[in-house]
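Written out below as structure tokens is the structure these notes cover.
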Amino acid sequence: MTHFKRNRSKPTKLQSVIAIPTPARIESSIQHRFLRGPLSKVSALYPGSFDPPTNGHLDLIERGAKIFAELVVGILRNSEKSPMFSLAERLEMLKTLTAHLKNVRIEAFHGLMVEYAKSIDATCVLRGIRAVSDYEYELQMALMNRKLEPTLETVFMMPADKYSYVSSRLVREVAQVGGPVKGLVPEVVEQKLREKLEPAYKFHDEMQGVTARASVRKERKRKS
Ligand code: PNS
């Protein structure tokens with residue numbers, strides 16, 4: 001590692017070779033901006049189950065919308081899984097949530113994702129990586145997709161770290177027993193979960209009331 005002397009006197013021969021003069025630094029930042037150009041012409045597909053859409057999904061859609069010319073959110077019409085939300089519900093929720101993003105389109109697809117990407121002229125697939133645990137599955141999927149369609153590139157982006165533990169599966173698990181999902185999913189989704197799982201939420205709210213009354217009684221007894 002090279003250590004430069006702090007004094008600003010005449011640079012040594014080595015320093016003059018290594019130090020990056022100001023014009024070169026400016027040039028490199030211009031080059032960086034230039035390199036972002038081609039990406040802004042790219043149409044990308046963000047495929048997933050979105051059952052339900054989470055704040056992590058929304059965060060990634062917003063990030064993707066900033067760097068791609070067009071972003072198609074493709075909801076998999078999966079006959080193998082039995083989803084909590086119907087395809088129509090997921091389409092409606094995602095359309096509402098992305099109405100403010102003019103270059104985002106919500107669609108449904110079935111069959112091979114790479115074939116759907118080709119049919120909509122998407123040349124990139126966007127996927128989110130939250131933690132190392134996602135990496136193996138995502139790598140396998142990206143490589144399989146590359147084998148199926150070598151011209152399709154997978155681009156990974158990280159959602160905000162506050163959503164790094166949020167997944168649709170965990171949201172479903174918490175909501176199925178009436179647990180709070182505030183902050184994990186957008187409000188529209190939270191409302192839909194409450195409607196769909198009304199008995200579970202009712203039971204959970206009643207139990208909370210019982211617990212609260214019991215602790216008031218305990219506190220009164222302690223003070224008396
Ligand atoms: O949100 P998910 O469930 O992680 O999304 C997975 C999805 C929909 C991207 C993946 O299962 C998929 O692309 N399915 C379509 C069928 C396909 O092309 N399978 C090969 C993937 S290697």
Side-chain angles (χ1 to χ4, degrees), residues 42-65 67-68 70-98 101 104-176 181 183-186 188-190 192-193 196:
V42 167
S43 214
L45 166 66
Y46 178 30
S49 308
F50 306 103
D51 184 33
T54 65
N55 279 340
H57 289 134
L58 202 61
D59 181 277
L60 214 75
I61 293 171
E62 281 171 352
R63 285 173 201 278
I67 65 163
F68 294 111
E70 186 189 36
L71 184 68
V72 178
V73 178
I75 309 173
L76 177 68
R77 187 197 305 249
N78 196 344
S79 52
E80 277 171 39
K81 289 186 198 170
S82 47
M84 176 180 271
F85 288 95
S86 70
L87 184 62
E89 286 173 315
R90 285 176 280 160
L91 273 165
E92 191 199 312
M93 285 188 279
L94 278 165
K95 278 183 183 169
T96 307
L97 294 167
T98 57
L101 302 166
V104 172
R105 206 166 78 232
I106 314 295
E107 288 188 357
F109 78 99
H110 64 273
L112 271 184
M113 188 273 290
V114 293
E115 285 174 2
Y116 171 63
K118 217 170 174 179
S119 76
I120 57 164
D121 289 329
T123 50
C124 258
V125 172
L126 172 65
R127 289 286 291 173
I129 290 208
R130 292 162 296 191
V132 180
S133 49
D134 282 340
Y135 178 73
E136 220 166 307
Y137 169 64
E138 292 298 334
L139 176 74
Q140 243 182 342
M141 198 154 68
L143 292 179
M144 176 59 83
N145 285 332
R146 180 180 284 166
K147 172 88 184 135
L148 295 168
E149 181 48 68
T151 62
L152 192 68
E153 287 297 341
T154 302
V155 171
F156 295 113
M157 288 181 87
M158 285 86 66
D161 56 350
K162 62 181 170 185
Y163 303 131
S164 61
Y165 65 97
V166 181
S167 72
S168 296
R169 185 180 63 80
L170 285 182
V171 165
R172 285 198 305 271
E173 229 172 276
V174 173
Q176 256 152 359
V181 291
L184 309 181
V185 292
V188 248
V189 178
E190 196 188 345
K192 283 262 177 203
L193 282 166
K196 200 169 272 291

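Read the numbers this way: they start at 1 and go in the same order the structure lists the ligands and their atoms.
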Smallest heavy-atom separation, Met158 atom then Ile129 atom, equals CG-O, 3.5 Å

For ligand 1, find out whether one of its N or O atoms is nearer than 3.5 Å to an N or O atom of Met113.
yes

Which residue owns the protein heavy atom closest to [atom], what's the atom, and how far is it?
atom	result
atom 10 (C) of ligand 1	Met141 SD, 3.9 Å
atom 1 (O) of ligand 1	Ser49 N, 3.0 Å
atom 9 (C) of ligand 1	Arg127 NH1, 3.5 Å

Atoms of ligand 1 less than 4.0 Å from [X] heavy atoms?
X	result
Met144	22 (S)
Leu76	8 (C), 14 (N), 15 (C)
Asn145	21 (C), 22 (S)

Relative to ligand 1, is Gln140 under 4.0 angstrom through side chain, backbone, both or neither, heavy atoms considered?
neither

Between Leu112 and ligand 1, which part of the residue brings a heavy atom under 4.0 Å of the ligand: side chain, backbone, both or neither?
both

Gly111 near ligand 1 by a heavy-atom separation under 4.0 Å:
yes

Check whether any side-chain heavy atom of [X] sits under 4.5 Å from a side-chain heavy atom of [Y], and report yes or no.
X	Y	answer
Glu92	Lys95	no
Leu94	Ile61	yes
Val125	Pro47	yes

Tyr116: which residues meet the ring-ring contact (aromatic ring centres under 6.0 Å, His included) condition with it, sequence neighbours left out?
Phe109

With no hydrogens and no angle check, is any side-chain donor or acceptor of Ser86 less than 3.5 Å from a backbone partner on Glu89?
yes

What distance separates Leu126 CG from Met157 CE, expressed to the nearest 0.5 Å?
6.5 Å

